[in-house]
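Here's the structure, in structure tokens; my notes come after.
Reminder, nothing fancy here: chain letters follow the sequence lines and each chain counts from 1.
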Amino acid sequence: GAGVSQSPSNKVTEKGKDVELRCDPISGHTALYWYRQRLGQGLEFLIYFQGNSAPDKSGLPSDRFSAERTGESVSTLTIQRTQQEDSAVYLCASSWTSGPTGELFFGEGSRLTVL
Amino acid sequence: GQQVMQIPQYQHVQEGEDFTTYCNSSTTLSNIQWYKQRPGGHPVFLIQLVKSGEVKKQKRLTFQFGEAKKNSSLHITATQTTDVGTYFCAGSLRAGTYKYIFGTGTRLKVLA
């Protein structure tokens, strides 16, 4: 596709349920990022995938959070046993790592609401 | 861990006034990027600075990277209502790694 695609765009779930968020990066982008943005707040780094290297998981807030990426394509962020504080917009971004600017291209985000 | 702070957190200006946001890192950065996020939207890339002391201009926007590569600023001359949004800086620690830590953001409102 032309841009980074995220699904679902909105997800309402009950506390304790598991959720899965999907990100389709721009074709050819080797780097993929997940960020969390709470209402009115900044972007909190969660995880970063770079090609076939081991992902940088240093931003994952707890072991309830995990993410996978298949090669240089789709990524899935999974949140187990959701809590109300997990409510936020989850933003995915991708980038080239050999381009002139290394700019991050963001998707529209997945808005998660935990009741 | 690495922190990137921005000041001010909020800024209201009259249309036509200038605006500046400052970005400060606790550690030296390899490079810094700036993004703009419109209300309800996602961050959109504005520019990247790499060299110590670098200054870049985009029309009414001037970006600067500090000599020590620990701070940066974005200055907007003669703001317009289209400048409304939140401005984020994002820093990378090491060349060759592309893990970007975003600043806390400055929310700009422009009053017509």
> Do you reckon B:I76 sits in the same ILVMFWY cluster as B:F63, going by side-chain contacts under 4.5 Å, direct or chained?
Replying inline: yes
>> Please tell me whether B:Y35 and B:M5 are part of a single hydrophobic cluster in this structure, the criterion being side-chain heavy atoms less than 4.5 Å apart.
In response: no
> Under a single-linkage definition using a 4.5 Å side-chain heavy-atom cutoff for Ile, Leu, Val, Met, Phe, Trp and Tyr, are B:Y22 and B:L108 assigned to the same hydrophobic cluster?
Replying inline: no
>> Check for me, please, whether A:L104 and A:Y90 land in the same ILVMFWY cluster - side-chain distances under 4.5 Å, paths through other members count.
In response: no
> CZ/B:F102 to CZ/A:F45 distance, rounded to the nearest 0.5 angstrom?
Replying inline: 11.0 Å
> In terms of heavy-atom pairs under 4.5 Å, which option from B:G40, B:G41, B:G105, B:P43 contacts chain A the most?
Replying inline: B:P43
> If you round to the nearest 0.5 Å, how far is OG1 of B:T104 from CD of A:E44?
Replying inline: 13.0 Å
> So what's closer than 4.5 Å to chain B heavy atoms on A:S58: side chain, backbone, both or neither?
Replying inline: side chain
> So which part of A:Q41 gets closer than 4.5 Å to some heavy atom of chain B, the side chain, the backbone, both or neither?
Replying inline: backbone
> Is A:Y33 reaching over with its side chain to a backbone N or O of B:Y100, donor-acceptor style, under 3.5 angstrom?
Replying inline: no
>> Please determine whether residues A:L21 and A:L91 belong to a single hydrophobic cluster, defined as Ile, Leu, Val, Met, Phe, Trp and Tyr linked transitively by side-chain heavy-atom distances below 4.5 Å.
In response: no
> Which value, rounded to the nearest 0.5 Å, describes the distance between B:I47 atom CD1 and A:E103 atom CD?
Replying inline: 11.0 Å
> With a 4.5 angstrom heavy-atom cut-off, which part of B:Q6 approaches chain A: side chain, backbone, both or neither?
Replying inline: neither
> Would the number of heavy atoms belonging to other residues, nucleotides or ligands and lying under 6.0 Å from CD of B:Q14 be above 12?
Replying inline: yes
>> Using 0.5 Å steps for rounding, measure from the CG atom of A:L43 to the NE2 atom of B:H42.
In response: 11.5 Å
> Side chain, backbone, both or neither: which part of A:Y35 has an atom under 4.5 Å from a heavy atom of chain B?
Replying inline: side chain
> Above 12 or not: heavy atoms from other molecules or residues under 6.0 Å from NZ of B:K56?
Replying inline: yes
> Does any heavy atom of chain B fall under 4.5 Å from the side chain of A:F106, the backbone, both, or neither of them?
Replying inline: both
> Is A:E68 atom CD crowded by more than 12 heavy atoms from other residues, nucleotides or ligands, each under 6.0 Å away?
Replying inline: no
